[in-house]
Amino acid sequence: MRRLRASESLRRVVRETRLSPDDFILPLFVCPGEAVRREIGAMPGNYQLSVDQAVKECAGVAALGIGGVIFFGIPESKDESASGAAADDGVVQQALRAVKREVPGLLLITDVCNCEYTSHGHCGKVVDGDVDNDLTLTWLAATAVSHARAGADVIAPSDMMDGRVAAIRQALDSAGFPNKPILSYAAKYASVFYGPFREAAESAPQFGDRRSYQMDPANAREAIREIELDIAEGADMVMVKPAMPYLDIIRQARDHFSLPLGAYQVSGEFSMIMAAAQNGWIDLDRAIVESLTSIRRAGADFILTYFARRATELIS
Ligand code: PBG
């Protein structure tokens, strides 16, 4: 076996998995204000960006050839009914309009969820201490339509309510967006690895946790069922999240389904690698390439990753 490992020129030729900037989607956090570029403590090199700064960031991302961005919003104020999520002048809607105008070729995905917009930090309408599924669907559908109106290219629901893909598909169709694709966070686990994101998006639940709607990390067959349901409801692409602790799920999803498959290397995955590197315990650049390669090798077509920029520099 060692004959083919003897030199980089040979290794290159027999390499089975390759990374390309096309495969990367960079998550961005948009906040109110102007000229705001506030670094997120637990995610060095990632920022809460006001719309003008998000435009700049997106111009850089497009110049690097990165596949696209996904927007998360931090609204001016939060309330019980997540009213900032579907607001026509909400932060994400403003960012969509500005970036579409200034950086027209860049693929813009939007995360559709309520947790960044509710005062209690849960992903939907709370009734008797738990998130009410069907009441939340109307919120999600309204948010999806407002994102489509503002210029989103792909709608990505991450809330894990049952029936959200069907509700969003129907709402988009009747609002005149029958061609707007849905990327469903189909198998999304109740993961501790979202910790740093909740600082970034200021979305930690104020009581309880998300285990009544996100998946139990112990379950694999259930992931297949979640994905089947989302496809039946009209999802155009599906996603597994987080990525590295769930490579087996990515592989099973790849083997079961022919739809484009995404994986989200989440905030905690980013922060663990970053923290170890900052301590001098691990080589950052090699960890970036190896971790992303493992996610592609497991079967993901594209990866949402906070390393999108550095990874692109490393492979080009
Ligand atoms: C919104 C959402 C979350 C993430 C993406 N969309 C947080 C959560 O579900 O608590 C996490 C992303 C990351 O950790 O990088 N529901």
Side-chain angles (χ1 to χ4, degrees), residues 27 42 70 72-73 82 85 109-137 139-141 143-144 155-168 182-231 233 235 237-250 252-253 261-272 295 300 303-304 306:
I70 179 164
F72 296 90
I109 306 176
T110 56
D111 181 270
V112 169
C113 194
N114 295 299
C115 60
E116 299 117 75
Y117 301 91
T118 50
S119 40
H120 46 65
H122 276 287
C123 300
K125 183 170 175 58
V126 172
V127 178
D128 297 333
D130 195 13
V131 175
D132 185 285
N133 195 87
D134 291 5
L135 292 175
T136 301
L137 297 183
W139 293 7
L140 295 166
T143 300
I155 303 295
S158 70
D159 52 281
M160 289 301 277
M161 297 302 118
D162 291 330
R164 81 285 176 60
V165 173
I168 289 172
I182 297 175
L183 162 61
S184 161
Y185 286 70
K188 176 174 175 179
Y189 287 87
S191 173
V192 72
F193 296 106
Y194 307 149
F197 172 95
R198 292 180 186 167
E199 178 200 331
E202 301 170 11
S203 65
Q206 300 303 300
F207 62 88
D209 53 43
R210 304 209 202 291
R211 281 183 275 196
S212 80
Y213 40 104
Q214 298 179 349
M215 284 182 60
D216 185 336
N219 294 356
R221 291 191 307 268
E222 188 187 347
I224 301 304
R225 201 162 135 65
E226 278 283 4
I227 298 170
E228 272 167 7
L229 287 168
D230 282 7
I231 294 173
E233 289 177 30
M237 300 183 272
V238 292
M239 202 200 300
V240 173
K241 175 187 174 186
M244 285 161 67
Y246 297 88
L247 294 176
D248 58 326
I249 309 297
I250 296 172
Q252 289 182 47
L261 175 66
Y264 198 144
Q265 185 183 47
V266 300
S267 57
E269 300 177 66
F270 169 87
S271 297
M272 284 193 298
I295 297 166
I303 307 171
L304 286 69
Y306 301 95

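Bear in mind the structure is a predicted one, so any value in this text is a computation, not a measurement.
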Exercise for review: Would you mind reporting whether F197 and Y306 have side-chain heavy atoms less than 4.5 Å apart?
Suggested key: yes

Check your understanding: So do D230 and R164 actually touch side chain to side chain, heavy atoms under 4.5 Å?
Key -> yes

Review point. Which residues satisfy the ring pair (Phe, Tyr, Trp, His ring centres under 6.0 Å) test with Y246, sequence neighbours excluded?
Key: Y189

Practice item. List for me each residue that meets salt bridge (Lys or Arg N to Asp or Glu O under 4.0 Å) alongside D209, sequence neighbours excluded, and say none if there are none. Key: R211

How many angstroms lie between atom [atom1] of [X] and atom [atom2] of [Y], to the nearest 0.5 angstrom?
X: M161; Y: L135; atom1: CE; atom2: CG; answer: 11.0 Å
X: M239; Y: S184; atom1: CE; atom2: OG; answer: 8.0 Å
X: M244; Y: I250; atom1: CE; atom2: CD1; answer: 10.0 Å
X: L261; Y: I303; atom1: CG; atom2: CD1; answer: 10.0 Å
X: E233; Y: I182; atom1: CD; atom2: CD1; answer: 9.0 Å
X: I70; Y: T110; atom1: CD1; atom2: OG1; answer: 7.0 Å

Okay, side chain of [X], backbone of [Y]: is any donor-acceptor separation there less than 3.5 Å?
X: K188; Y: S158; value: yes
X: E199; Y: P196; value: no
X: E269; Y: P242; value: no

**Study point:** Any pair counted as salt bridge (Lys or Arg N to Asp or Glu O under 4.0 Å), so long as it reaches residues 213-229, sequence neighbours left out
**Key:** none

Exercise for review: With sequence neighbours left out, write down each residue that passes side chain to side chain donor-acceptor pair (under 3.5 Å) with T136, or none if nothing qualifies.
Suggested key: none

Revision key, fill the gap. Sorted by chain and residue number, the side chain to side chain donor-acceptor pair (under 3.5 Å) partners of D130 (sequence neighbours excluded) come out as S212

Check [X] against [Y] and note the closest heavy-atom contact, atom names and distance.
X: C115; Y: C123; value: CB-SG, 3.7 Å
X: P245; Y: D248; value: O-OD1, 4.2 Å
X: A223; Y: I249; value: CB-CG2, 3.7 Å
X: A235; Y: V165; value: N-CG1, 3.5 Å
X: E116; Y: A201; value: CG-CB, 3.7 Å
X: I227; Y: A253; value: CD1-CB, 3.7 Å

Check your understanding: With sequence neighbours left out, what residues match R198 under side-chain contact (heavy atoms from CB on, under 4.5 Å)?
Key -> Y194, S203, A204, P205, R210, Q214

Exercise for review: Return the orientation label for the F207 and H122 ring planes: parallel under 30°, perpendicular over 60°, tilted otherwise.
Suggested key: tilted

**Study point:** Residue among D162, V131, D159 satisfying side-chain contact (heavy atoms from CB on, under 4.5 Å) with Y213
**Key:** V131

